[in-house]
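Heads up, the thing below is written out as structure tokens.
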Amino acid sequence: MTSSKIERITVKASGVYDVLVGRGLLSECGSYVKEVSQAEKIGLITDDNVNALYGDAVQKSLESAGFSVCRFVFPHGEQSKNTDTLVKIWNFLCENSFSRSDCLAALGGGVTGDMTGFAAATYLRGMDFVQIPTTLLAQVDSSVGGKTAVDLAGGKNLVGAFKQPKLVLCDIDALDTLPDEFFTDGMGEVVKHGMIKSAKLFELLEKYDLKTLRENKDVLEDVIARNVAIKRDVVQADEFDTGERMKLNFGHTLGHSIEQYYNYTGITHGQAVAAGMKMITGIAERHMLAEKGTCERLAKCLDGYGLNVSVEPTPEQLGSACLNDKKRFGDTINVIVCCDVGASMIKKMPVESFFAMLSEASE
Ligand code: GLY
């Protein structure tokens with residue numbers, strides 16, 4: 001995997017599509033989209049930040065490939081990922097006479113991808129869309145696998161659909177403009193993928209840190225392609241999240257509770273997941289469910305990428321918020337545990353036993 005070639009990773013789910021990882025893909029996107037779409041019109045959906053950086057280049061490439069392009073720009077940030085913006089996108093598609101054979105393109109991070117995907121899943125009961133992710137988090141995680149959603153006042157991603165894209169274009173060059181803070185945020189999921197599925201990826205991450213990984217584009221490209229391949233394998237095994245895919249939630253049960261404790265301000269998703277992964281791995285080691293030293297290795301790797309947060313709430317304090325977790329089924333909860341670097345399992349346990357473990361860890 002080198003920067004001179006484009007890595008093509010094929011996902012075989014309810015839809016079959018390629019994820020391309022490489023450099024210079026944004027300015028060539030039109031010809032790649034042409035390979036997968038007969039659309040006359042593309043609805044280019046993006047936020048104001050990404051639009052200022054890449055909107056014109058992407059529109060130009062799509063137009064050069066023969067598409068007519070209508071652009072919809074919304075204010076950046078999670079606060080836009082709601083039904084108000086979704087209704088605006090639906091109305092924009094209606095006003096511009098989009099048909100079922102036309103296509104949407106999500107240009108941006110996870111918010112843009114999730115919302116565009118959900119609009120594509122629902123407008124005219126479904127139309128095609130492609131993902132052009134410009135953040136690390138979106139490239140390694142949210143653009144692949146077909147989860148789409150918007151938030152409600154009561155919680156994140158509460159209304160959504162599974163809708164696989166027709167194509168995903170991960171342009172490594174787009175990460176050049178990503179501030180360190182957002183790069184670090186995405187590294188939480190990158191380290192998670194290594195922990196749950198690939199000791200090799202984890203060992204590679206251990207050799208670098210935030211600065212050196214960002215500087216070394218060949219390695220970064222390799223890291224992203226490995227992450228996409230892991231995500232592909234998991235999605236192919238369990239597209240609709242009833243088994244294997246739950247492993248992607250390693251660190252997220254406690255992580256979500258941490259985000260909730262801080263009211264989603266002052267802590268990023270990546271930092272909360274990093275803290276959640278460390279907490280659950282420490283607990284797993286204590287209960288002989290994980291090899292000794294796993295937690296120390298995880299913490300050291302996270303430190304290198306700026307994810308060395310210590311959080312205020314004790315595991316016990318986080319317990320009750322975990323009851324809203326999607327992995328709870330009645331009186332039992334599926335806890336994702338890494339028994340070693342690169343090896344994970346889904347441990348089904350009574351909620352009471354999970355609480356007991358958390359409170360013991362708080363002593
Ligand atoms: N990001 C978790 C999943 O795709 O299942």
Side-chain angles (χ1 to χ4, degrees), residues 9 11-15 17 19 21 78 81 106 108-118 120-121 129 131 133-151 155-165 168 170 182 185-198 201 223-259 264 268-274 276-277 280 307 322 324-329 333-338 344-346:
I9 298 151
V11 181
K12 292 182 182 147
S14 52
Y17 56 98
V19 182
V21 181
E78 186 78 26
K81 193 176 150 186
V111 168
T112 304
D114 276 15
M115 212 156 43
T116 306
F118 191 47
F129 84 117
Q131 291 267 19
T134 57
T135 64
L136 181 63
L137 184 90
Q139 292 191 354
V140 299
D141 186 13
S142 58
S143 67
V144 182
K147 280 191 180 174
T148 74
V150 293
D151 301 338
K156 285 190 178 189
N157 297 328
L158 289 184
V159 186
F162 285 97
K163 169 84 179 169
Q164 300 296 340
V168 184
C170 298
F182 291 96
D185 194 27
M187 282 308 297
E189 305 297 339
V190 172
V191 173
K192 178 198 79 181
H193 283 151
M195 281 297 291
I196 61 167
K197 284 284 170 191
S198 170
L201 169 63
V223 163
I224 291 173
R226 284 172 190 267
N227 273 269
V228 170
I230 288 168
K231 186 86 195 258
R232 183 260 328 262
D233 291 346
V234 173
V235 168
Q236 285 184 173
D238 173 29
E239 180 175 357
F240 298 110
D241 207 9
T242 56
E244 186 72 3
R245 191 164 181 168
M246 288 186 205
K247 289 184 177 171
L248 296 174
N249 282 305
F250 173 55
H252 281 62
T253 301
L254 290 167
H256 286 147
S257 304
I258 293 167
E259 283 184 284
Y264 299 93
T268 66
H269 177 69
Q271 287 171 327
V273 167
M277 290 193 289
I280 197 66
L307 288 164
C322 294
N324 293 329
D325 195 90
K326 290 193 208 78
K327 288 156 300 306
R328 182 175 72 90
F329 299 93
I333 187 161
N334 288 317
V335 182
I336 316 304
V337 172
C338 284
S344 50
M345 63 175 175
I346 303 169

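What you see is a predicted model, and the numbers here were worked out from it, not measured in a lab. Residues take their numbers from the sequence shown, with the count starting at 1. Each ligand, and each atom within it, is numbered from 1 in the order the structure gives.
Taking every heavy atom of Lys147 and a limit of under 4.0 angstrom, the matching atoms of ligand 1 come to 3 (C), 4 (O), 5 (O).
The closest approach between Lys231 and ligand 1 falls below 4.0 Å for a heavy atom of the residue. Ligand 1 does not have Asp241 within reach: every non-hydrogen atom of the residue lies 4.0 Å or more from it.
Ranking protein heavy atoms by distance to atom 1 (N) of ligand 1, first place goes to Asp141 OD1, 3.0 Å.
One side chain, Glu239 or Gln164, offers a donor N or O that lies under 3.5 Å from an acceptor on the other. In this structure, a donor-acceptor pair under 3.5 Å is present between the side chains of Asp238 and Thr242. Side-chain atoms of His252 and Glu259 form no donor-acceptor pair, as typed in the model, at a separation below 3.5 Å.
The only member of Val337, Val191, Leu248 that meets side chain to side chain contact (heavy atoms under 4.5 Å, CB included) when paired with Ile196 is Leu248.
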